[in-house]
Trainee: 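Below are the structure tokens for one structure; questions will follow.
Below, chain A is the first sequence line, B the second, and so on; all start at residue 1.
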Number of protein chains: 2
Amino acid sequence: MIRSQLRRQPLYTQIKTLLSQRIGEGAWQPNEMLPSEWELAEELGVSQGTVRKALTEMVTEGMLYRQQGKGTFVADVMGDWAGPGMVPAGLFRSRLELPAAELLGCSRVNAPDELAEALGLKRGAALVRVRQLWRLQAEALAVDDAYLPAERIEGLDAKLVRQSGGSVYNALHRHYAVRPVLVQEQLRAVPLPREEGVLLGVAEGVPVLSITRLTASLQGEPVEWRQRYCLTRTMAYVPDHGRVA
Amino acid sequence: MIRSQLRRQPLYTQIKTLLSQRIGEGAWQPNEMLPSEWELAEELGVSQGTVRKALTEMVTEGMLYRQQGKGTFVADVMGDWAGPGMVPAGLFRSRLELPAAELLGCSRVNAPDELAEALGLKRGAALVRVRQLWRLQAEALAVDDAYLPAERIEGLDAKLVRQSGGSVYNALHRHYAVRPVLVQEQLRAVPLPREEGVLLGVAEGVPVLSITRLTASLQGEPVEWRQRYCLTRTMAYVPDHGRVA
DNA sequence: AAGTGGTCTAGACCACCGA
DNA sequence: CGGTGGTCTAGACCACTTT
């Protein structure tokens with residue numbers, strides 16, 4: 001029975017919470033089919049329409065997807081790129097291209113104050129830094145530094161990320177039962193730092209897009225802070241505008 | 001009766017289309033209340049639940065908003081800034097600040113090829129260029145050049161934009177019955193051009209965020225191409241990430 | 001044919017708002 | 001109090017997919 005909470009929240013909201021928890025616990029893996037709407041309705045003691053409303057909201061939030069005639073499925077975890085992709089600069093109505101990641105390595109660092117603050121950690125807390133290089137058809141496009149609280153993700157290393165297809169978010173999900181959620185992205189134009197210039201094979205100081213991202217678990221606990229430097233000489237970054245029809 | 005179309009499309013989709021048309025024609029002004037769900041249901045010969053589904057989708061798309069106990073209202077036209085705002089660089093969980101626009105002027109130009117292409121016009125077609133300066137607490141932040149097809153918006157000038165509170169989109173809505181819809185935004189990091197450097201009071205060549213935007217009418221007809229140069233020395237640009245709960 | 005999601009209806013009741 | 005949106009139910013039928 002799901003009605004225990006005295007209806008402080010609507011039934012369909014309670015159902016969303018319950019299913020999110022189960023998915024977070026790994027009750028169903030990505031691309032695995034959920035029980036049918038009627039089965040869920042019976043199990044939870046509500047009508048099919050109420051289950052449907054809960055599922056519909058979870059679909060629009062990107063947690064589930066539906067296939068008519070087949071069923072409702074758990075969506076893949078968000079990719080490390082986390083945007084729609086890149087597009088040739090100046091051309092609208094052109095197809096979005098998604099870069100591919102190459103894992104450069106993992107290391108342990110102590111959190112600078114600003115970063116500890118953002119992640120809700122003590123000053124100088126231990127972090128794992130994961131460095132990735134993004135390519136678009138062999139051409140180097142961007143470098144990422146992802147910082148994660150070492151305590152929360154004990155044992156995360158290059159081997160484990162590689163096992164997860166080079167994706168930090170995939171590793172978080174498969175090994176630490178965390179489905180990452182994007183909290184906020186901040187974009188700036190900055191001169192390319194020297195170190196990143198070497199990695200990208202580009203002169204220091206050219207204008208690059210700096211993308212800073214904070215990621216949390218479904219429960220709202222910060223799990224990652226990420227810094228990306230993205231070249232935009234020929235390709236432009238396309239943000240994910242919600243309303244697209 | 002709305003059932004005329006032989007149900008090729010679901011009823012609620014037809015209702016969305018019908019209401020969008022009526023709003024585009026100015027049947028209800030922004031912040032004006034629509035008929036109640038029951039009244040619409042009776043008028044259209046469908047059940048209240050079907051009307052409700054249509055309205056709910058239009059609310060999530062940002063066309064309408066609801067107030068419990070009061071009614072359903074037409075949303076304001078999108079603002080010229082068109083993003084959530086700016087945030088102090090590096091600080092997450094900080095309040096978003098929305099810049100204010102100052103109208104610099106209007107002029108007529110001929111469309112460069114790339115721009116004519118994006119707007120679906122003939123090469124060299126006449127355009128109206130509207131130039132705006134954005135300020136955040138008196139500090140110059142960004143300059144915009146909005147380009148609109150002169151033929152489509154005959155008579156648009158500085159006076160008319162000023163009458164619309166300095167907003168191009170407001171002018172489009174009030175004088176040309178166009179509710180602008182964002183098609184795509186492209187972001188790049190580029191060196192600040194000389195002319196814009198003068199307007200912003202900043203040295204030529206510093207890295208700035210270049211934001212290129214294509215805007216269309218509800219019917220999908222392109223109505224504006226806009227180029228923004230945005231300083232990001234202390235403040236960062238925050239894209240509108242759909243899923244935010 | 002059986003099982004799934006997708007649409008639509010009719011009716012009930014609740015929560016909130018304003019007069 | 002009446003009017004509005006918000007939730008929930010039960011049942012029907014349709015469209016699509018798989019067996």
Trainee: Can you measure A:Lys53 atom NZ to D:dG6 atom C1' for me and round it to whole angstrom units?
Mentor: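 About 7 Å, once rounded to whole Å.
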Trainee: Please enumerate all residues that pass salt bridge (Lys or Arg N to Asp or Glu O under 4.0 Å) together with B:Glu221, with sequence neighbours excluded.
Mentor: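 With neighbours one apart ignored, the set is B:Arg152.
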Trainee: With sequence neighbours excluded, what pairs up with B:Arg188 under the salt bridge (Lys or Arg N to Asp or Glu O under 4.0 Å) test?
Mentor: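 Expected list: none.
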Trainee: Starting at CD of A:Gln48 and ending at C1' of C:dC8, how long is that distance when rounded to a whole Å?
Mentor: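 After rounding, the reported distance stands at 12 Å.
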Trainee: Report the residues that fulfil salt bridge (Lys or Arg N to Asp or Glu O under 4.0 Å) with B:Lys53, sequence neighbours left out, ordered by chain and then residue number.
Mentor: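 None.
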Trainee: Quick one: are A:Tyr237 and A:Met86 in side-chain contact, heavy atoms under 4.5 Å?
Mentor: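 Answer yes - side chains close enough.
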Trainee: Under the salt bridge (Lys or Arg N to Asp or Glu O under 4.0 Å) rule, what pairs show up with a residue in residues 10-22 of chain A, not counting sequence neighbours?
Mentor: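 Only A:Lys16-A:Glu57, A:Lys16-A:Glu61, A:Arg22-A:Glu43 qualify under salt bridge (Lys or Arg N to Asp or Glu O under 4.0 Å).
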Trainee: Starting at CG of A:Leu11 and ending at P of C:dA12, how long is that distance when rounded to a whole Å?
Mentor: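 The answer, rounded to whole Å, is 20 Å.
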Trainee: Give a yes/no on whether any side-chain N or O of B:Thr50 is located under 4.0 angstrom from OP1 or OP2 of C:dT9.
Mentor: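 Yes, because at least one side-chain N or O of B:Thr50 sits under 4.0 Å from OP1 or OP2 of C:dT9.
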Trainee: Taking only residues two or more places apart in sequence or in another chain, which ones pass salt bridge (Lys or Arg N to Asp or Glu O under 4.0 Å) with A:Arg135?
Mentor: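 A:Arg135 satisfies salt bridge (Lys or Arg N to Asp or Glu O under 4.0 Å) with A:Glu102 once adjacent residues are dropped.
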Trainee: At a heavy-atom distance below 4.0 Å, what parts of residues 31-41 of chain A sit against DNA chain C?
Mentor: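 Under 4.0 Å from DNA chain C: A:Met33, A:Ser36, A:Glu37.
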Trainee: Rounded to whole angstrom units, what separation is found between the CD1 atom of B:Ile15 and the P atom of C:dT7?
Mentor: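 The answer, rounded to whole Å, is 12 Å.
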Trainee: Using whole Å, report how far CG of B:Leu55 lies from P of D:dG5.
Mentor: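 The distance from CG of B:Leu55 to P of D:dG5 comes to 8 Å, rounded to the nearest Å.
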Trainee: Should B:Thr72 be listed as having a side-chain N or O under 4.0 Å from OP1 or OP2 of D:dG5?
Mentor: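 Checking B:Thr72 against D:dG5: at least one side-chain N or O falls below 4.0 Å of OP1 or OP2.
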Trainee: Can you tell me which residue pairs pass the salt bridge (Lys or Arg N to Asp or Glu O under 4.0 Å) test with a partner in residues 165-180 of chain A, sequence neighbours excluded?
Mentor: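 Qualifying pairs: none.
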Trainee: At under 4.0 Å, does any side-chain N or O of B:Arg66 touch on OP1 or OP2 of D:dG6?
Mentor: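 Result: yes.
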Trainee: If I take atom CD in residue A:Glu57 and atom P in nucleotide C:dG5, what distance separates them, rounded to the nearest angstrom?
Mentor: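 For the pair A:Glu57 CD and C:dG5 P, the rounded distance is 17 Å.
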Trainee: Nearest to the side chain of A:Arg52 - D:dA10, C:dT9, C:dT7?
Mentor: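 In terms of side-chain proximity for A:Arg52, the closest of D:dA10, C:dT9, C:dT7 is C:dT7.
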Trainee: Check for a donor-acceptor pair, side chain of A:Ser164 on one end and backbone N or O of A:Ser167 on the other, with a separation under 3.5 Å.
Mentor: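 Checked: no pair found.
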Trainee: With a cut-off of less than 4.0 Å, is there a side-chain N or O of B:Tyr12 near OP1 or OP2 of C:dT7?
Mentor: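 So the side-chain polar atoms of B:Tyr12 do come within 4.0 Å of the phosphate oxygens OP1 or OP2 of C:dT7, strictly under.
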Trainee: How close or far is atom P of D:dT7 from atom CD of A:Gln9, stated in whole angstroms?
Mentor: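 A:Gln9 atom CD is separated from D:dT7 atom P by 11 Å.
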Trainee: Any idea which of C:dT9, D:dT7, C:dG6 is nearest the A:Pro10 side chain?
Mentor: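 Between C:dT9, D:dT7, C:dG6, the one nearest the side chain of A:Pro10 would be D:dT7.
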Trainee: Kindly give the atom pairs (protein nitrogen or oxygen, nucleotide nitrogen or oxygen) under 3.5 Å for nucleotides 16-19 of chain D.
Mentor:
from   : atom 1 : to      : atom 2 : distance (Å)
D:dC16 : O4'    : A:Gln68 : OE1    : 3.2
D:dT18 : OP1    : A:Lys70 : NZ     : 3.4

Trainee: What residue pairs, at least two apart or across chains, pass salt bridge (Lys or Arg N to Asp or Glu O under 4.0 Å) with a residue in residues 67-93 of chain B?
Mentor: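 Listed once each, the pairs are B:Asp80-B:Arg226.
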Trainee: Find the distance B:Lys16:NZ to C:dT7:C1' and express it as a whole number of Å.
Mentor: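 Result: 14 Å.
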